[in-house]
Amino acid sequence: EGTLGGRIDVAWSPDVRAEVALDASSFDPSPFAADWPGAIDLALGATARVDDEGVEVVVSRIDGAGTLRGQPLSLAAAGRYAQSGDTMAAQVERLEAALGGTRLDVRGRVGDSADLEWRLASDDLSELLPEHISATLRKAMGPMLPERFVNAIPGMRLDFGWDRLLKVAERPASPYN
């Protein structure tokens, strides 16, 4: 349900370049993710370039508002990703997301090292994924994810590696659960 419109301009030569502007109105993601019904208005603006020097993607804006899983949703994000040879860097200029009583704010850079500022505040984190999260986390902030947050999702942990930014893998039980 809902509507999607926009413009995608692509040039193939001498390098691949693209400009994207998309707008969605009353978009319902449940046909793709049955447990996530909603009505979301969304706007996206981005550019991309692929050439001999590497890849660059700039997301100038993602703005969203509406409802998801029966809760109010808001999203504002912007950032960039660049890769040249074996070197990659992602810059989160702004990520502000709220769903119900949970809010996440992130800014910073991830590349050879991470320098992220983030804040997660939640009235009840289990509202987001009630079938997966057993612990309630009210507030967390800092440069790295605290063990309590990581273990709030039973059987999961977050791994960082050279070839991936984020991987979810199995983890033994924690005394924090």
Side-chain angles (χ1 to χ4, degrees), residues 20-24 27 29 32-33 35-36 38 40-49 54-84 87-169 171 174 176-177:
V20 177
L22 298 175
D23 292 292
F27 173 73
F32 309 101
D35 293 339
W36 294 87
I40 303 168
D41 296 333
L42 188 66
L44 173 119
T47 60
R49 172 192 54 81
V55 176
E56 180 182 46
V57 177
V58 177
V59 178
S60 56
R61 80 181 257 230
I62 300 176
D63 293 312
T67 60
L68 188 62
R69 295 184 80 158
Q71 300 181 61
L73 168 76
S74 67
L75 172 66
R80 60 185 59 235
Y81 170 84
Q83 181 177 358
S84 180
T87 304
M88 80 85 185
Q91 177 73 36
V92 180
E93 295 167 8
R94 176 183 71 179
L95 171 58
E96 300 165 353
L99 181 61
T102 300
R103 180 170 175 88
L104 173 66
D105 296 302
V106 179
R107 285 174 175 66
R109 181 180 186 282
V110 176
D112 291 337
S113 63
D115 182 14
L116 292 172
E117 294 179 23
W118 63 277
R119 177 180 166 87
L120 174 66
S122 181
D123 296 334
D124 183 354
L125 192 57
S126 67
E127 290 177 349
L128 293 179
L129 297 167
E131 63 278 7
H132 296 292
I133 297 177
S134 60
T136 298
L137 179 67
R138 298 222 180 262
K139 291 185 180 175
M141 63 182 71
M144 299 302 289
L145 293 172
E147 191 75 12
R148 178 178 170 138
F149 172 74
V150 170
N151 285 297
I153 305 173
M156 299 293 181
R157 78 162 191 235
L158 302 176
D159 282 329
F160 290 88
W162 294 107
D163 62 341
R164 62 195 177 278
L165 178 60
L166 185 66
K167 176 187 172 195
V168 179
R171 180 186 192 100
S174 164
Y176 295 106
N177 287 344

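Computed from heavy atoms alone, side chains included, the values below leave out hydrogens, waters and symmetry copies. Along the sequence shown, the residues carry numbers beginning at 1. Everything numeric in this text was worked out from a predicted model, so none of it was measured.
- The heavy-atom pair separating Ile40 from Thr67 by the smallest distance is CG1-O, 3.7 Å.
- Salt-bridge check for Glu96 with Arg107: passed, with a basic side-chain N closer than 4.0 Å to an acidic carboxylate O.
- The pair Glu56-Arg49 meets the salt-bridge criterion, since a charged nitrogen lies less than 4.0 angstrom from a carboxylate oxygen.
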Which side-chain N or O atoms in residues 73-84 pair as donor and acceptor under 3.5 Å with protein atoms at least two apart or in another chain?
unit_1	atom_1	unit_2	atom_2	d
Arg80	NE	Glu93	OE2	3.1
Tyr81	OH	Gln83	OE1	2.9
Gln83	NE2	Gly85	O	3.4
Ser84	OG	Glu53	O	2.9

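- Of all heavy-atom pairs spanning Ala46 and Ser60, the tightest one is N-OG, 4.2 Å.
- Qualifying side chain to side chain donor-acceptor pair (under 3.5 Å) partners for Arg109, counting only residues two or more places apart in sequence or in other chains: none.
- Across all their heavy atoms, Trp36 and Leu99 have their closest contact at CZ3-CD2, 4.3 Å.
- Rounding to the nearest 0.5 Å gives a distance of 8.0 Å between CG of Leu42 and CG of Asp23.
- The line from CD of Gln71 to OG1 of Thr102 is 7.0 Å long, rounded to the nearest 0.5 Å.
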